[in-house]
Every structure is written in C-alpha cells, then in structure tokens.
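Report on the structure given below.
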Number of protein chains: 2
Amino acid sequence: MASGISLKELAAELKLAPSTVSRALNDSYEISEATKKKVISMAEKLNYHANPFARSLRENKSKTIAIIIPERINSFFAQVMDGIEEIAQEHGYHLLIYNTHEDMERERKIVNLLLNGRADAIAMSVTSQTSDNSHLKKLHDRGLPIIFFDRISSEIPTTKFITNDYESAYEATQHLINQNCKKITFFTLCVDLSISKERQRGFNDAIADAGIELDPSMTLYCGHDEQSNIEKIQELLNSANRPDGIVTSVEKLAFATYQALKRTNLRMPNDLKLISFSNSSIAGLLNPSLTTITQPASMIGSECAKLLIKKLTKPNHYDLIDQVITIPSKITIRESTCQE
Amino acid sequence: MASGISLKELAAELKLAPSTVSRALNDSYEISEATKKKVISMAEKLNYHANPFARSLRENKSKTIAIIIPERINSFFAQVMDGIEEIAQEHGYHLLIYNTHEDMERERKIVNLLLNGRADAIAMSVTSQTSDNSHLKKLHDRGLPIIFFDRISSEIPTTKFITNDYESAYEATQHLINQNCKKITFFTLCVDLSISKERQRGFNDAIADAGIELDPSMTLYCGHDEQSNIEKIQELLNSANRPDGIVTSVEKLAFATYQALKRTNLRMPNDLKLISFSNSSIAGLLNPSLTTITQPASMIGSECAKLLIKKLTKPNHYDLIDQVITIPSKITIRESTCQE
DNA sequence: CATAATTTCGAAATCGTTTCCGCATTTTAT
DNA sequence: ATAAAATGCGGAAACGATTTCGAAATTATG
C-alpha cells in the first residue's frame, strides 16, 4: 500500500518546484540539461514512478485499450489477444480484458463501465445476442475509438476487421463438391451473428451454384452445450439421409463431429468428409487430420491494435472510417476431405 | 473524447453541493432518502459515470488485478485467465493482462509499471529465465498483494498455487512402467523452471523406485522452436535405443511427438506409449487419443482471484501467508498408453 | 419557550500530476 | 547603451472525485 514517493516529495528533495521536476521528467525544452540530469538521477535513486491516475485524470487519457470478447478464450480469441498484446506493449499501452459470456446484459454493463475514460479505445467482438446496440452507439457517439473484429456490429459506423467468411465457406463447400460429396450439410451455431450469416450464405450459394437443390435439412442448428450437440450430430449421422460431407462453421462443432463419429461405424473420409473453420494448432494431429479454414486471428488482432493506436496518437490524421477490412482465411486441406 | 458529465456539473444541475451528491450516490447515511432519490434519478438521466481516475487517485486503489503470464496464451493460461475473469467480474474488479514472452527484462519492466498502484494486486507466472527476482521482491516489499501460480518464485514469501507436479509425473511414469514400458524417456523444456524440476524429479524417482537404472539419456531437452523439436524427437525415435514410453512435461512436446511419429513407421501405442501434461480439450480426438495429466487450470485461476480479492476487501482478516497450495491434476488414460 | 440533540447539507482540503502565467536573469538585436 | 527576445524556473490552478469539519435547519427535551 505504500505507494512510493510523489512528485512533490521528489521536488522537495531536489529543492525545486514540482512544476520544474515535472517538466524535467517530461523532457521539456524549458529546462536546462543540467537540471534535467539532476532530476532524472534523483528520480532513479528514489525510485520515483509517476502515479498513473493523477496523470490520467489530468491528461484525460489512460494509455489503455480494452478488449471485449464474447466467450471463454478459445484458440481464435487467444491469438487475437496475443496479436493485440504485441502491438500494445510495443507502444506502451495497457490492456484490459472483459468477457461478456454471450450475455447481452453483461455486454451492456461492461460497455457502460468503459464510458468514463477507463480505456482510450476498444476492440471488441459482440455477443451473439446483440440485437439492440444502443449501448454501442452511445460509446461511439462519445467519440471513443472502437473497432469491431470477427463478430461485428454493422450499424456502428467504424472500422471492422473480419475474414472472408463468405468466400471461405463458398470455397469450402466447393471443395467438398469437388471431392464428390453428394449430400452436404452445414453445421452452425447462432444464426443472428454476422459471421454465421456470411458463412451460411457462402455455403448456400456454393450449393446453389453447383446446381444442387437447397433445402432446410441441409443446415443443422446446434447450441452451446457440447453433449447435446454430439447427440444431435450422432442422430443425424445414423439417420437415413445422412450427409457425406460436412462444413462446420465453428471449431467446436468439428470436434463434436469427431466425437459423434466415434459412436458410429462410419469412416472418415471414406463415408464422410469434414471441413471446418478452426484456429486450433493441432488440427493436423486429429484422426484423420482435419481440413481447416484458418482465420488470420493474430493478424486481425495486431491490425486492430495498430489502427487504434494510430488513431490515438494522431487523432487528426487517421479516422476509423466506416469500412469493413477483410483479411483472408487460409484453407489447409488435410485427410478429412481426401478422395478415398 | 467528450468524457461525460462530472460530479460538479451534476451537482449544479441539482442545485446541491458536490459533497452531497457524492454522498448520495455512495448511499451515505447522512443524506435523506428524498435527496438520494432525486440525485440518483438525475444521475441516470444525465448518464453520469464517476471518473475512475479521480476516484482511484483519491482512494488510492484501482479495483484492478493484473495478470502476468510468461508466454502466448495456450490452453492452460487461457483457462487460468477465464477462471480469474469469472471471479473478478463477479466482484467488480478489472483485469489487466501482460505477457513477458519468456523475457526477464520485459518481466522487470512490466513489474515496474505495476509499482505505482495501477493494479491493486497481481497474479503471475514467472519467466523461465527468472533467476534474479529483486524486482519481484520490490513489489512484495511495497505491500502489493501478489500470488504466483504454476511457475512460482519460491523466494517471495507469499501464497502460491501449483498442481502436484511431482506426484503426477511420478504416477505418469509409474503408469508407463505398469504398461510394460522398458525404456522410458522424459521430454522437457526449461530446466530452470520450478515445475520442470518437480516433474523431472517425479519422473526420476519413479524410475529409480522401479529399480531401473537412471541415466542422463533418459531425458530429452527440447527448445521453443517447434520444427527443431520435431526433428530432435524424430532422430531419437529412429535411433538404436529408442524409447518405448515417453512422458512429456508440456503439451507442445506431445504434439511434436505426434508429428515426429508420422515421419517414422512406429505405431502408437504398440511400439511407443505416450503420456503428457496437457490442458487441451481435444486430447481425446487425437490419433491415438492422448493420455493426459490435466492441470486444474480454471480452478487455479479462480482460487487465485478469490484469495486476492479476500485480501483486498478484508486486508486484516486474510493474509497471503508463505505457503504453496497444491490442487491436484487429473490423469485421464486414453489410447496412447493402452496395453497392446 | 429555551436549550440540546439530531438530521441534513455545504465549504474546503486532498490525492499527484500537468500546464498556464509570471518573473527574473541572461542573451541578442538595434 | 538600451530595447527586445530568449532562457530557466516558481506559483498556483486545474483535472474529478471523497472526506473532514462545521454550520444551518429541524426535532426533541426539560
């Protein structure tokens, strides 16, 4: 609790005015080199560290960026966070982390917490339930720089980073068609989410463009509970018109499919081919190894951070214009979609 | 940048003194219910949010906990962070995240940043290079509550949370011996780390207790580079005295072993059995599924947070006494160590 | 009714910085 | 030689909240 020495005490020790010491430490041109040296060395000696709150209060900025993610830290969000962290640390920014746990009410609370300057900027991925975004609007109206990534809120006019969900899903589906799949199913989670919609659209279009009749049974809606997902998938795989190709829109549904598959006597890739959106580093170690669409998570994170910091350091030179920046995903073909 | 309305402005609007408004908002007994109601509703109406820096400056506390981790967010640290986040959010605490990237110099810098009250408490896992811990000592001497988890610094007299690394490694090794392995090798990363040492010790003792002669070739030292690890392991597997059982002290070395194995014609578990420390949720999906020692990561995180918050809210009732609390890991036996 | 006790609120200090303004003193220009 | 400008520093206000102390208004008490 002993919070160290203050600027005033340091000044007293040096027999200088606080204003002089402050300027010396901030390398002001008004202070002679001689006194600067004296001040700095005394500060070192007495282990002086400026109080961040006093400074933030005075300067009305916190040198802090807040990250808001919607769920427990999975491989995707971990990589995004790592990407942001790298850039933030490089520029001396601090990082606050919040998790909305897919709960819009929590999202609203957290956003309100950030309304008072605790963070200078925000990078966030919205909740799957975020229908009303008045709280986000308020944040934006206050002038707080905010960037969305992955799960974006299109109604807030700012910069958003996503990956090419539509194209990737299209390509993934096309890949299965090329591998001779006749009945392809799309596994998805939350239909309200921007990325889910895009991926679904990519799937639908690829199916339609291949001249296949699109019907609702070609989409399986899953939930957040692992076990019931597995059962639901198992049921599908045991049914009469089981698919011979699957595109899963999120990593965890691919894993659930592996689990479900274990309980059947179907073989992958012979009876069934699987391709999934995933950032897991061990997709190549699964049995069979999993063909993936890998999102550029780390780069999304670092680009968010770079842009935010640019905006913060040169507010007039950069603007978070209302645009969606797409960083393409990468499809890695592995055994799970091999031709038998 | 428009940082909202201030207490003073709110007071002016209400034709009350700032002190009264402050007390009303903090539910002081000195204020009548009538004025409290008026103040609160006006605060709502004008969207007043207290400036956190002014408050922190005055109260000398930040309602913030800092987490310092030593490397990119893997499944273990992700779970720890989730555990901390859950408890922190419950109690209205904010979370700052720092990553030392296994660099002691960065660790020192980050720790120095926290020397001035930016965080009320710290939960950290040290760098593998942390030999000199004067910076940690300084932090502790200042009276800042600090807790170590997983990678602990035993010289700082505070509470530490670890898992039973020694026993787990011992049991894991014993398990391989019971499965008829005759030549067992231990794969490890950093020998300086407390946890590495403990795991190594557990392995060594299990080997010795089984009446097997312990020799240095039974330990393979790996590095941080994925590819060279794979090559090193591959080389070992192709050598004359290849092991028939492996205990890997960290997750990534198990994955590297899977990769290396692909390049040989050895079969798991027939020719080789593998058990690893790991928190990956998809160990069961590997081919063959991986027998794991799972650390109670989430619980470690939540226990850290609970204890820190107790200490912060009732400083006199709780003390971070110099003790090591062990939360046991759990061994899950899967195909990779099955009897053929 | 006068005095004491209680309730309710205001004025001002305070936390640790930064910065505007002012004031010597010295240097440069005319 | 005198005016102008530059240099180096100090004093004090300000950021926005909390809190100590004290005063006014209300109620209770004798």
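Per chain, numbering begins at 1; letters A, B, ... match sequence-line order. Note that the coordinates shown come from a computational prediction; the quantities given were computed from them, not determined experimentally. Excluded from the calculations below are hydrogen atoms, water molecules and symmetry mates; all remaining heavy atoms, backbone and side chain alike, are included.
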Which of D:dT18, C:dC9, D:dG16 is nearest the side chain of B:R58? It is D:dT18
**Message:** Distance alone, cut at 3.5 Å: any donor-acceptor contact between the side chains of B:H101 and A:E85?
**Reply:** yes
Here the distance between atom P of D:dC15 and atom CG of A:N116, to the nearest Å, is 17 Å
- prompt: Any ion pair linking A:R151 and A:E71 (charged N to carboxylate O, less than 4.0 Å)?
  reply: yes
For the residue pair A:H94 and B:Y98, does the interplanar ring angle fall in the parallel (under 30°), tilted (30 to 60°) or perpendicular (over 60°) class?
-> perpendicular
Quiz item: Under a 4.5 Å cut-off applied to non-hydrogen side-chain atoms, are A:D150 and A:V80 in contact?
Solution: no
Residues of residues 22-34 of chain B with a heavy atom under 4.0 Å from any atom of DNA chain D, listed by number, are B:S22, B:R23, B:N26
Is it true that a side-chain atom of A:K311 and a backbone atom of A:Y318 form a donor plus acceptor pair closer than 3.5 Å?
yes
**Asked** Do A:R142 side-chain atoms and A:L115 backbone N/O form a donor-acceptor pair below 3.5 Å?
**Response** yes
Whole-Å distance, B:K61 NZ to C:dG16 C1', equals 18 Å
- Task: Give a yes or no answer on whether the side chain of B:N51 reaches the backbone of B:A54 with a donor-acceptor pair at less than 3.5 Å.
- Result: yes
Of the listed D:dG10, D:dA17, C:dT17, the closest approach to the A:R55 side chain comes from C:dT17
Give each protein N/O atom lying under 3.5 Å from an N/O atom of nucleotides 24-27 of chain C, with the pair distance.
none

Taken to the nearest whole Å, NZ/A:K8 to C1'/C:dT14 is 8 Å
note: A:L10, atom CG; C:dG16, atom C1'; distance rounded to Å ~ 12 Å
Could you tell me if A:N26 and A:S28 have a donor-acceptor pair between their side chains, going purely by distance under 3.5 Å? no
A:E9 atom CD is separated from C:dG16 atom P, nearest whole Å, by 7 Å
Worksheet entry | Within-4.5 Å side-chain heavy-atom neighbours: B:N47 and A:K138 | yes
Which of A:L139, A:D141, A:L136, A:V126 passes side-chain contact (heavy atoms from CB on, under 4.5 Å) with A:I156? It is A:L136
Tell me, do A:S153 and A:H140 make a side-chain contact under 4.5 Å, heavy atoms counted? no
Between CG of B:L46 and C1' of D:dG16 the distance, given in whole Å, is 16 Å
Rounded to whole Å, CZ of A:F53 lies from P of D:dA17 at a distance of 15 Å
Would you mind reporting whether B:L7 and B:L25 have side-chain heavy atoms less than 4.5 Å apart? yes
A:H49 NE2 to C:dT17 C1', in whole Å, measures 16 Å
Considering only nitrogen or oxygen atoms on both sides, find all protein atoms under 3.5 Å from nucleotides 23-28 of chain D and state each distance.
none

Assert: residue with more 5' nearest nucleotide on DNA chain D, out of B:S19 and B:L57, is B:L57
On DNA chain C, more 5' by nearest nucleotide between B:K15 and A:A54 is B:K15
| message | Taking only side-chain N and O atoms of A:T35, does any of them lie within less than 4.0 angstrom of OP1 or OP2 on D:dC9? | response | yes
